[in-house]
Protein chains: 2
Amino acid sequence: MTEASEHGGAAPERAATNPGRDGTAPERATAAPGRDGAGVRDDGTGGRRNGAGDPRPGAGGPAPRVRLVDVAREAGLSKTTVSAALNGTGRLSPEIREKARETARRMGYRPNATARQLRAGRARLIGYVVGELADTPWTFLESPYFARLTGATAATALARGYAVVLLPAGSLQSEWAALPLDAVVVADPVADDRIVEDLLAARIPVFSDRSVEGRPGAHWVDVDAADAVGQVLDHVHAQGARRPVLVVPDSTTRFHREVDAAHGAWCAARGLPKLTVRAAEPGNGPVIRAVETALGGRPERPDALLVVAEASPPLVLDAARRHGYDVPGDLLLVCVSEDETAVHTQPPVTTLSLRPDAVAEAGIAHLVAVLEQGLQETGGSLVPVRLDVRASSVRPG
Amino acid sequence: MTEASEHGGAAPERAATNPGRDGTAPERATAAPGRDGAGVRDDGTGGRRNGAGDPRPGAGGPAPRVRLVDVAREAGLSKTTVSAALNGTGRLSPEIREKARETARRMGYRPNATARQLRAGRARLIGYVVGELADTPWTFLESPYFARLTGATAATALARGYAVVLLPAGSLQSEWAALPLDAVVVADPVADDRIVEDLLAARIPVFSDRSVEGRPGAHWVDVDAADAVGQVLDHVHAQGARRPVLVVPDSTTRFHREVDAAHGAWCAARGLPKLTVRAAEPGNGPVIRAVETALGGRPERPDALLVVAEASPPLVLDAARRHGYDVPGDLLLVCVSEDETAVHTQPPVTTLSLRPDAVAEAGIAHLVAVLEQGLQETGGSLVPVRLDVRASSVRPG
DNA sequence: TTGAAAGCGCTAACAC
DNA sequence: GTGTTAGCGCTTTCAA
């Protein structure tokens, strides 16, 4: 009965110091009804149903968790000593340290993460939101790009000691206010999404793409869209294409606006026609329809098709065939995609990877620097893309 | 100076009660150096760099967060009153309540989630692990089934007030021990994965598929594999198929073992040959190769192909065509898949959905019941599948 | 109706 | 080298 509930109830006027030596302390710590003294005590919410010394087999509910103080009592040591022993801090004799560890192991002690977090002032928790398609939340995971970005973000963060929680697109304060988030990653925010504003207003650091540039507290990593367009167009141009057509979703995403601008600049610089077909929205259906528009019914047929939208490479290839094209004989094909099926088609499809893994790594590295080194400037970085050339874009012969 | 640091330092022997009326309390609460009294105090880790009444503009680091006590002081009320006002608890006069709320709003107060969690004894945090493919963690998100399952789990949980954190497959205790997890969802655990044992040993409730059945603390929801096989085989049988061949990954997953058993039973009952081809592992490459094995070089060609493995429907369709089949003329095709591309092929591919959304909903509902109503029995439930019949499996004419 | 204080479980500063 | 205790920010009981 050295430690428990010495502060609890009984004599409010009693001196609060040196409780262990206070001979008048009521002797109820280990007696029934458990640690719950007769005096000042919470209801069950915050309190413990059952004292460690009072298993009370009949009483429902799971056995209470072993706390640091339980280990200390069992080992005949103080909380401090046990804490130091388990955390490897402080200067303790090896025997004491081993004894504390052994007792903890034997009792199945696991530190309370929440208490540690409160103590540390941080929860090492990062929110992760995809802002796109707020009306159909969660579908983003079905896009290979976002699937990889999500996985890479979680993996990289965890390697740095941060856990990632998934948040729904277009979520209100109420959704995440109850979470102790150290920061939030907002992938591909749409222009009118409130979430970035809400987070910044709540003083939560935001990591996103370049569209948040300039706002205090917002940091960014982005894909180099101009580099992407340049690499793709240069590649098919080198293969002899003179009428490349781009299929781009008609979205407000920053990336696609930059793609459009870079495309225009590239065509102007070479005196080639700027051929673009816009898909009404992302998704296989609209993009495939746009592909068919791009390939069919033109006086002059295109000689290269560049799909800058998530679409299934085999579906694009089939569409081209239905329109009478031989790939790569009549038509060079490049898809901006992370979709692994591109490798398995015949011919395999050339893809441009937006490097979600690299984006995630750069983003988390930046985030950790901000959170841990107190890095202030809201700078950002541009991640290069990678072109994986396969048979679909290499002119035969 | 009513509240702050009354316990701190000064006179250890002094009575701890009625501090507000203790005229001898040191007058330093609002004076420099902030709330940091001269007495007992932590270092910066747990402490606050800057007192609320001491902005100290030059001092680096972000402004300290507004705490409940800051609002209380500003409004001239007690912590209790402000807390009750903001939470809508207690019996307060409307004016006081409004005043507290107004002050909190004006000061930008946001409650500290970690402190609330500590108080509440739960963090409302659920871990989410996919056990499959421990050697290549995170790739699961690229499978449409797991992508949907993950999204649906996060969405359903959040609707119930729980957040979901992503955990890597095959993770050690060290990865999640620092997180205050109320429970963990383990999707598709492999037989030899340690994680379920570790979690149960740590007394964290586990929600998984039926393979955890019977272990105390483990709860399950599963797909009805027999129903799945029955629906698919009955369907193609009704369309006239007499030599259906199944492509199944050679995995240790419970689902696939059950599929195999149900397939055998179905064939035996009808006196039809049990034709199975095993893919060496999951993934488009191996599965497509297995499909080609199934379709090519047999004396008698199959008249239906049932792909019970995540594979891209357009790729499967292309493989059938390369082997000279007309779908659905010579070959009925059904894929077990959540892949949306099945709708966009020509002909569209019949799919069997394993209903990840329904699995997630059932799982989270069960989980919430266990966590909140203290439901004890480690029961489970079986989720039915859904066959979406499209042209690829309907015999023409 | 309002407020004081206990205490959730942990860490670390400080006293011994 | 070990122990005592304050306190992270919050909720809630109990007293006034």
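Chain naming here is simple, since letters A, B, ... match the order of the sequence lines and numbering starts at 1 in each.
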Give a yes/no on whether any side-chain N or O of [X] is located under 4.0 angstrom from OP1 or OP2 of [N].
X	N	answer
A/Ser83	C/dT11	yes
A/Asn87	C/dT11	yes
A/Arg116	C/dC10	no
A/Ser93	D/dT2	yes

Touch class at under 4.0 angstrom, heavy-atom based, for A/Leu92 against every strand present: sugar-phosphate
Sugar-phosphate only, base, or nothing, as touched by B/Arg91 at under 4.0 Å among non-hydrogen atoms: base
Euclidean distance, atom [atom1] of residue [X] to atom [atom2] of [N] [Å, nearest integer]:
X	N	atom1	atom2	answer
B/Lys79	C/dA5	NZ	P	11 Å
B/Leu118	D/dG9	CG	C1'	9 Å
B/Gln117	C/dC10	CD	C1'	15 Å
B/Leu86	D/dC10	CG	P	10 Å
B/Leu68	C/dC8	CG	C1'	16 Å
B/Asp70	D/dG9	CG	P	9 Å
B/Glu95	C/dT1	CD	P	11 Å
B/Arg73	D/dC10	CZ	P	12 Å

Proximal nucleotide (of D/dG3, D/dT11, D/dC8) relative to the A/Leu77 side chain: D/dG3
Among C/dT11, D/dC10, D/dT2, the nucleotide that comes nearest once only the side chain of B/Arg67 is considered: D/dC10
Most 5' of B/Thr81 and A/Ala115 on DNA chain C, judged by nearest nucleotide: B/Thr81
Short side-chain donor-acceptor distance under 3.5 Å, A/Thr80 and A/Ser83: no
Pair A/Asn112-A/Arg119, side-chain donor/acceptor within less than 3.5 Å: no
Nearest-0.5 Å distance, CG of residue B/Leu166 to OG1 of residue A/Thr153: 9.5 Å
Distance in Å, B/Arg91 CZ paired with B/Arg97 CZ, rounded so as to fall on 0.5 Å steps: 10.5 Å
Minimum heavy-atom distance A/Pro180-B/Thr114, with the two atoms named: CB-OG1, 3.2 Å
Side-chain heavy-atom pair A/Ile195, A/Val129 within 4.5 angstrom cut-off: yes
Residues A/Arg106, A/Glu74: salt bridge by 4.0 Å N-O rule: yes
Side-chain donor/acceptor of A/Thr80 to base of C/dA12, under 3.5 Å: yes
Whether A/His366 and A/His219 hold their rings parallel, tilted or perpendicular, with breakpoints at 30° and 60°: perpendicular
Overall bend - the helix from C/dT1-D/dA16 to C/dC16-D/dG1, comparing terminal axes fitted on five pairs, nearest 10 degrees: 50°
